[in-house]
Asks: 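Quick one: structure below, then a few questions.
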Amino acid sequence: MRTQVAIIGAGPAGLLLSHLLASDGVDSVVIETRSRAYVEARIRAGILEHSTVELLDSLRLGHTLRREGHEHRGIYLQEPGTRHHIDFVDLVGRSVWVYGQTQLQRDLGQARDAAGQQIEYGVSHTQLHDLTTDSPCVTYESEDGRDQRLDADAIAGCDGSFGPSRAAVPGSAHQTWERVYPYAWLGILADVAPSTDELIYAWHPDGFALHSMRSPTVSRLYLQVPPETDVETWSDDRIWTALSERLGAGIDGWTLHAGPITDKSVLPMRSFLQAPMRFGRLFLAGDAAHIVPPTGAKGLNLAVADVALLAPALEALVRKGKPALADGYSEAALRRVWRCTHFSWWMTTMLHPTGDPFDEQLQLSQLRWVCSSAAGATGLAENYAGLPLRS
Ligand code: RFL
Ligand code: PHB
């Protein structure tokens, strides 16, 4: 098989890239290890930045999002006894949208189906070859057990944090940075109406808690827990009691509504970055190149921002033979990646107590400054609502 761009991974980065390339007249084939049902059911991100929503609108991918998603003006930040609203619209003129990654994944899948995109699910043994030549290729085994070879002008590694693309770059040709945080999140999905109109990020001496949501009838909530936590040690009752305490039951008569928990998992927290995001004819995008802790809601949005830069670069390279944008891709993408890496680290370290009394006082001092100073609140709003794409 031959195509112009071989895309490894049918997550948001891979599917959106194939969509952007097609609108620029570039052919691609997407390969994916998991089944389509698995990819579309994976519960992950929930917040889309302003620029992500604008991009989806501009590609006519925003109808369902506009109909079923929910626009939020800002977030609540709190410490015990005090809840403060940070209004992004007032501060920086931009909002965010609550829209599950599962929903976005389905929208992208349907749009690619309508365009006749070739996507192979259920592949295995994906390997990348000849990356430093003008004709790289990917080999893999298809779902029905046949050996396949996909020749291309370029390969887009959109295969997330455990895919083979990142590892295909020789150690001598890249640098990595990593921060592993000494805590994890216990995340639940519950069939209960959210107890808040906008997300609540709560600092609490027992640990951070977050009240997010997916729809008017489904809530998504998180608790800071030790990294080695066994999910079985957290009964539903224990989870709701901890959430209720940490999220501030009693603040101005507020209460948390409990309901049936439909999903429960523990998520490790780390920052990771591999640069450059290019090796020869291999271009990395999304989680394949960088991971951020979820506190700033940046992972999915960064994946979108990467492919918004990568698509025109690949179009110029493979259709017009002009390498300038491709040569500048990594540096341009990394500016935003580092900004989001810093913001995610900043939000994370402000909100997760580690038991050190000095650090806790610094966290509270910073939180109070963000809530009381226009400069502090604007900084958070600007980063959370998202910087313009291609800035
Ligand atoms: P994905 O979504 O991981 O997709 C990569 C795809 O590559 C496939 N793959 C392979 N395909 C072929 N051959 C191979 N050998 C392959 N190996 C792997 C995988 O099966 C997969 O389908 O990466 P992508 O596209 O870069 O998208 C990144 C986002 O998924 C990720 O950053 C976000 O989910 C992060 N994230 C959040 N981001 C936000 O912007 N806002 C949020 O509120 C937010 N919350 C979250 C999150 C991530 C979470 N988890 C579990 C990681 C909350 C959670 C809990
Ligand atoms: C989510 O809804 O899953 C979510 C929202 C905001 C975050 C992280 C996760 O910062």
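Counting convention: from 1, in listed order, for ligands and their atoms alike. Given the structure is predicted, the values throughout are model-derived calculations rather than measurements.
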Asks: Before signing off on this row, confirm whether G46 and ligand 1 have an N or O atom pair separated by under 3.5 Å.
Replies: yes
Asks: Return the closest protein heavy atom for atom 39 (C) of ligand 1 as residue, atom name and distance.
Replies: L300 N, 3.2 Å
Asks: Where does K298 meet ligand 1, judged by heavy-atom distances below 4.0 Å: at the side chain, the backbone, both, or neither?
Replies: backbone
Asks: Is the contact between R214 and ligand 2 made by the side chain, the backbone, both, or neither, using heavy atoms and a 4.0 Å cut-off?
Replies: side chain
Asks: Using a 4.5 Å cut-off on heavy atoms from C-beta on, say whether the side chain of L65 contacts that of W97.
Replies: yes
Asks: Heavy atoms only: which of R220, Q127, Q101 is nearest to atom 30 (O) of ligand 1?
Replies: Q101
Asks: Closest by any non-hydrogen atom to atom 42 (C) of ligand 1: pick that one out of A45, S212, G122, G9.
Replies: A45
Asks: Is there a heavy atom in R42 that sits closer than 4.0 Å to ligand 1?
Replies: yes
Asks: Which heavy atom of the protein is the closest neighbour of atom 25 (O) of ligand 1, given with residue, atom name and distance?
Replies: A13 N, 2.9 Å
Asks: Enumerate the atoms of ligand 1 whose separation from the nearest heavy atom of G286 is less than 4.0 angstrom.
Replies: 26 (O)
Asks: Once you restrict to heavy atoms under 4.0 Å, what part of S212 touches ligand 2? Side chain, backbone, both or neither.
Replies: side chain
Asks: With a heavy-atom distance limit of 4.0 Å, tell me whether D287 approaches ligand 1 through its side chain, its backbone, both, or neither.
Replies: both
Asks: Is atom CG of D230 surrounded by more than 12 heavy atoms (other residues, nucleotides or ligands) closer than 6.0 Å?
Replies: yes
Asks: Should the pair W338 and W177 be assigned to parallel (<30°), tilted (30 to 60°) or perpendicular (>60°) ring geometry?
Replies: perpendicular
Asks: Starting from atom 6 (C) of ligand 1, which protein heavy atom do you reach first, and at what distance in Å?
Replies: E32 OE1, 3.6 Å
Asks: Between A10 and ligand 1, is there a nitrogen or oxygen pair with a distance under 3.5 Å?
Replies: no
Asks: Have a look at ligand 2 and work out which part of L210, if any, has a heavy atom under 4.0 Å from it: side chain, backbone, both or neither.
Replies: side chain
Asks: Which atoms of ligand 1 are found less than 4.0 Å from any heavy atom of L267?
Replies: 51 (C), 55 (C)
Asks: Looking only at protein heavy atoms, which one is nearest to atom 11 (N) of ligand 1, and what is the separation?
Replies: T33 N, 3.3 Å
Asks: Looking at S373 and G376, would you say the former's side chain and the latter's main chain have a donor-acceptor pair under 3.5 Å?
Replies: yes
Asks: List ligand 1 atoms under 4.0 Å from G160, heavy atoms only on the residue side.
Replies: 3 (O), 5 (C), 23 (O)
Asks: Please state whether the rings of F343 and Y384 are parallel, tilted or perpendicular, taking 30° and 60° as the class boundaries.
Replies: perpendicular
Asks: For the 3.5 Å polar cut-off, considering only N or O atoms, please tell me whether Y222 and ligand 2 meet it.
Replies: yes
Asks: In Å and rounded to the nearest 0.5 Å, what is the CD1 to CD distance from I43 to Q101?
Replies: 11.0 Å
Asks: Pairing donors with acceptors under 3.5 angstrom, does anything connect the side chains of D159 and S165?
Replies: yes
Asks: Short list, please: which atoms of ligand 1 are under 4.0 Å from a heavy atom of G299?
Replies: 32 (O), 35 (C), 38 (N), 39 (C), 40 (O)
Asks: Quick check against the 3.5 Å criterion: does S35 have a side-chain atom that pairs as donor or acceptor with the backbone of Y38?
Replies: yes
Asks: Under a 3.5 Å distance rule, please check whether N301 uses its side chain to pair with a backbone N or O of E49 as donor and acceptor.
Replies: yes
Asks: Where on C158 is there a heavy atom closer than 4.0 Å to ligand 1, on the side chain, on the backbone, on both, or on neither?
Replies: backbone
Asks: Answer yes or no: is there a donor N or O on one side and an acceptor on the other, between the side chain of Q4 and the main chain of D27, under 3.5 Å?
Replies: yes
Asks: Return a yes/no value for T126: is any of its N or O atoms, backbone included, closer than 3.5 angstrom to an N or O of ligand 1?
Replies: yes
Asks: What is the minimum heavy-atom distance between D153 and R2, and which atoms define it?
Replies: OD1-NH2, 2.6 Å
Asks: Spell out, as yes or no, whether a donor-acceptor pair under 3.5 Å connects the side chain of Q274 to the backbone of Q175.
Replies: no
Asks: Please determine if T295 has a nitrogen or oxygen closer than 3.5 Å to a nitrogen or oxygen of ligand 2.
Replies: yes
Asks: Would you mind checking which non-hydrogen protein atom is closest to atom 8 (C) of ligand 2, with the distance to 0.1 Å?
Replies: P294 O, 3.2 Å
Asks: Classify the ring geometry between F283 and Y329 as parallel (under 30°), tilted (30 to 60°) or perpendicular (over 60°).
Replies: perpendicular
Asks: Heavy-atom contacts under 4.0 Å between N301 and ligand 1: side chain, backbone, both, or neither?
Replies: both
Asks: Keeping the roles fixed (side chain from D306, backbone from G286), state whether a donor-acceptor pair exists under 3.5 Å.
Replies: yes
